[in-house]
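In what follows, a structure is listed as structure tokens, so that the remarks can point back to it.
Everything numeric in this text was worked out from a predicted model, so none of it was measured. Lettering follows sequence order; numbering is per chain, from 1.
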Amino acid sequence: MAVPVRVRFAPSPTGKVHAGNIHTAIFDYLLARHTGGTFILRIEDTDVERKEAGAVEHMMEALKWLGLDWDEGPGVGGPYAPYFQSQRLPLYKEAAEKLVAQGNAYYCYCSSERLEAMRKEQEARKQPSGYDRLCRNLTAEERTAKQAQGIKTVIRFKVPLEGQTRFHDLIYGDVVFDHKNIDDFVMLKSDGYPTYHLANVVDDTAMKITHVIRGEEWISSTPRHLLMYQAFGYTPPQYIHMPMIVGANRAKLSKRRGAISILEYRDMGYLPEALFNFLVLIGWSLDDKTEIMTRQQMIENFSLERMGRTAAAFNQEKLDWMNGVYIRNLTVADLTNSVLPFLEKYLPPEVKRPLDVNYIRQIVPLLRERINTLKDAAAYADFFFVDKLEYEATMLIGKKMTAETALTVLKGSEEKLSSLKSFNRDLLEDTLRHLADDLGLKAGQLFNVLRVATTARDAAPPLFETMEVLGKERCLERIKVAISKLSNN
RNA sequence: GCCCCCAUCGUCUAGUGGCCUAGGACAGCGGCCUUUCAAGCCGUAAACAUGGAUUCGAAUUCCGUUGGGGGCACCA
């Protein structure tokens, strides 16, 4: 087993957590569990403007739903608390000021208007964009004058004008950036909050993070972080940038381009184990064929060497299939529990609530092989619950059938079935096959009529099992309704 | 515009110089099973972006091209 690792999942509470976010959380979790290390949750709530109420709770709920239990962080505490950056402000201020004192950073008095104008001009002239370093070399007098005016300030990092920073990413390998392409970025904002860059370096150091796992979009900021580590005299962590999950258009997942929140997958009836398994397979593989794995297998076999580098699209059709596999592997008792809330929610309103769990337990085996999501169950099995079936009489008349023969089938069935003392699948099959013989019909022809009569659809679970669950009384009643439907035509 | 990353079937991927006439999975198509629908099983179609170089030999190494993506905020 590898050296125990300390990793953190550090979301910013600016919206609902989507597959991309959770994808990195999963790999944090896997690496931590694989090495017997520590998985930390840290909330990066340093953007006062974009902060959203309830986002932290939403995120924690999503993590819990997927079984991504964290060892340190909100709710569980830990030796490096607090785990909300908004509660650690003095640390960042102190750190930033330290770099100013050391000569690695400086106060900047530029207004946002000036910066915006500067950027516009750079863009117009097709110049590389970035801060022009106006305040980098202010004299002591100039600084005093600005301060006297009470101008709001930020602290910027003084990026070396020459040289380069290189690092070895555990997935992407060696990456090099020239300092001349990096501008003097803001570390501390004028509202006293740190930027991501500063807060990350300070907290990852304070929390003894050994491996930083984050999306590939962060690669180009990594040199800034490394430069800060150097200025502070801290040892940087290992970097593991992960390939991104992209949308159907191959672009980065974003809320406004329809990224689905993780909890929506729960509400659509996906099982957490299935979604977890599916997400793990994006960017990682166990071998050339294994796809369905237990959590334990994934943890035991996890290895960074088997991670890919290419952005991947989220293929919901495959998720559907995988979810179906997981559903079929569930016991009747477990699937009953899982599907119950979905039936409660999506069955037609006229169906009496609460539902009878014992009845559902009888239905579940008939459903299990036929649904891919828990939500599918309600639409698929509604005929087990409603009193009145809605369908056109013509549905009763199958191919190569006439209304007359359908009617004969129904009447014959009514007669035979009403005299049955027990209503179980074997007896039903036996009885109805004989009836078909007697009527000179193929068994399938007869079954099709009864299927429609009892379920109002031509694709349904096996007929006799269905009829057994529905019970004698309801079946006969439905057959009578079918007879009258045909007679009225 | 500048910087960085990536590039195998439609999609997720295996592949780390010869085992590749490129393997698996989803979706597609065909068939078997079968009372319908599923599930299951069998089969089929489908890819190494491109040009060079290295090598006895390249999907695998190197360079260029093309394409895609990401970054360039007092957002993360």
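Counting to the nearest Å, the C1' atom of B:rU60 and the CZ atom of A:Arg309 are 12 Å from each other. For the pair A:Glu369 CD and B:rC33 C1', the computed distance is 13 Å after rounding to whole Å. Straight-line distance from the CE atom of A:Met307 to the C1' atom of B:rU13: 13 Å, rounded to whole Å. Atom CG of A:Asp382 and atom C1' of B:rC37 are 15 Å apart (whole Å). If you take CD of A:Gln127 and C1' of B:rC3, they are 14 Å apart, rounded to a whole angstrom. Counting to the nearest Å, the P atom of B:rU35 and the CG atom of A:Leu439 are 18 Å from each other. Note: CE (A:Met293) to C1' (B:rC12) measures 12 Å, nearest angstrom. Rounded to an integer number of Å, the gap from A:Glu465 CD to B:rA38 P is 17 Å.
Separation of the C1' atoms belonging to B:rC56 and B:rU13 is 32 Å when rounded to the nearest angstrom. Atom P of B:rA45 sits at a distance of 22 Å from the matching atom of B:rG40, rounded to the whole Å. B:rC41 and B:rU16: their P atoms are spaced 28 Å apart (whole Å). Taking atom C1' in both B:rC74 and B:rC4, the straight-line distance is 24 Å, to the nearest Å. A distance of about 14 Å separates the C1' atoms of B:rU21 and B:rC48, rounded to the whole Å. Nucleotides B:rC20 and B:rC12 have their P atoms positioned 24 Å apart, rounded to a whole Å. Using C1' as the reference atom, B:rA25 and B:rA46 are 14 Å apart when rounded to the nearest Å. A gap of 29 Å separates the C1' atoms of B:rG70 and B:rA27, to the nearest Å.
Side-chain N/O atoms of A:Ser254 and A:His18 include no donor and acceptor closer than 3.5 Å. Of the N and O atoms on the side chains of A:Asp178 and A:Gln164, at least one donor lies less than 3.5 Å from an acceptor on the other residue. With hydrogens and angles left out, the side-chain atoms of A:His179 and A:Thr165 include a donor and acceptor closer than 3.5 Å. When only modelled atom types and interatomic distance are considered, A:Gln316 and A:Tyr270 share a side-chain donor-acceptor pair under 3.5 Å. For A:Gln147 and A:Tyr109, the side-chain atoms include at least one donor-acceptor pair closer than 3.5 Å.
Summarising the base pairing, B:rC19 is matched to no nucleotide, lacking a Watson-Crick or G-U wobble pair whose two defining distances lie under 3.5 Å. Under the Watson-Crick or G-U wobble criterion, with both distances below 3.5 Å, B:rA49 is paired with B:rU65. Base pairing of B:rG1 is made with B:rC72, judged by Watson-Crick or G-U wobble geometry with both donor-acceptor distances under 3.5 Å. Under the Watson-Crick or G-U wobble criterion, with both distances below 3.5 Å, B:rG43 is paired with B:rC29.
Qualifying salt bridge (charged side-chain N to carboxylate O under 4.0 Å, His left out) partners for A:Lys318, counting only residues two or more places apart in sequence or in other chains: A:Glu291.
Aromatic pair A:Tyr193/A:Tyr92: ring centres not closer than 6.0 Å. The distance between the ring centers of A:Tyr196 and A:Trp218 falls below 6.0 angstrom. In summary, the aromatic rings of A:Phe314 and A:Phe278 are positioned with their centroids under 6.0 Å apart. Under the 6.0 Å cut-off for aromatic ring centres, A:His225 and A:Tyr229 do not qualify, their centroids lying 6.0 Å or more apart.
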Candidate pair A:Met467 and A:Phe423, rule side-chain contact (heavy atoms from CB on, under 4.5 Å), full reasoning: CA-CA 8 Å; A:Met467 290 175 72; A:Phe423 213 70; 4.2 Å; yes

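The backbone N or O of A:Asn372 sits less than 3.5 Å from a side-chain atom of A:Asn323, completing a donor-acceptor pair.
The side-chain hydrogen bond (donor to acceptor under 3.5 Å, both in side chains) pairs that include a residue from residues 450-461 of chain A are A:Asp382-A:Arg457, A:Asn448-A:Arg451, where partners are two or more places apart or lie in different chains.
Within the cation-pi definition used here (under 6.0 Å to the ring centroid, within 45° of the axis), A:Arg156 qualifies as a partner of A:Tyr131. In this structure, A:Lys485 is positioned above the aromatic face of A:Tyr391, its NZ or CZ under 6.0 Å from the six-membered ring centre and within 45° of the axis.
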Reading nucleotides 69-76 of chain B from the 5' end, what letters show protein touch, with B for base, S for backbone sugar-phosphate only, - for no heavy atom under 4.0 Å? SSSBSBBB

What string of B, S and - do you get for nucleotides 21-30 of chain B 5' to 3' if you count protein non-hydrogen atoms under 4.0 Å? --BBBBS---

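Phosphate contact (OP1/OP2 of B:rU13, side-chain N/O of A:Arg306, threshold under 4.0 Å): absent.
Using a 4.0 Å heavy-atom criterion, one finds that A:Gly283 contacts the sugar-phosphate atoms exclusively. Within the 4.0 angstrom heavy-atom criterion, only backbone atoms of the sugar-phosphate kind lie near A:Ile282; the bases stay farther away. Contacts of A:Arg328 with the nucleic acid, taken as non-hydrogen atoms under 4.0 Å apart, involve only primed sugar atoms and P, OP1 or OP2. Using a 4.0 Å heavy-atom criterion, one finds that A:Tyr193 contacts no nucleic acid atom at all.
Summary of the strand contacts: A:Ala312 and A:Asn372 both lie near RNA chain B, and taking for each the nucleotide with the nearest heavy atom, the more 5' one is attributed to A:Ala312.
Heavy atoms from other residues, nucleotides or ligands lying under 6.0 Å from NZ of A:Lys98 number more than 12.
For RNA chain B, the residues of residues 446-462 of chain A within the heavy-atom distance limit of 4.0 Å (strictly under) are A:Phe447, A:Asn448, A:Arg451, A:Asp458, A:Ala459, A:Ala460, A:Pro461, A:Pro462, sorted by number. Within residues 16-27 of chain A, no residue has any heavy atom under 4.0 Å from RNA chain B.
A donor N or O paired with an acceptor N or O is found under 3.5 Å between the base of B:rC37 and the side-chain atoms of A:Arg370.
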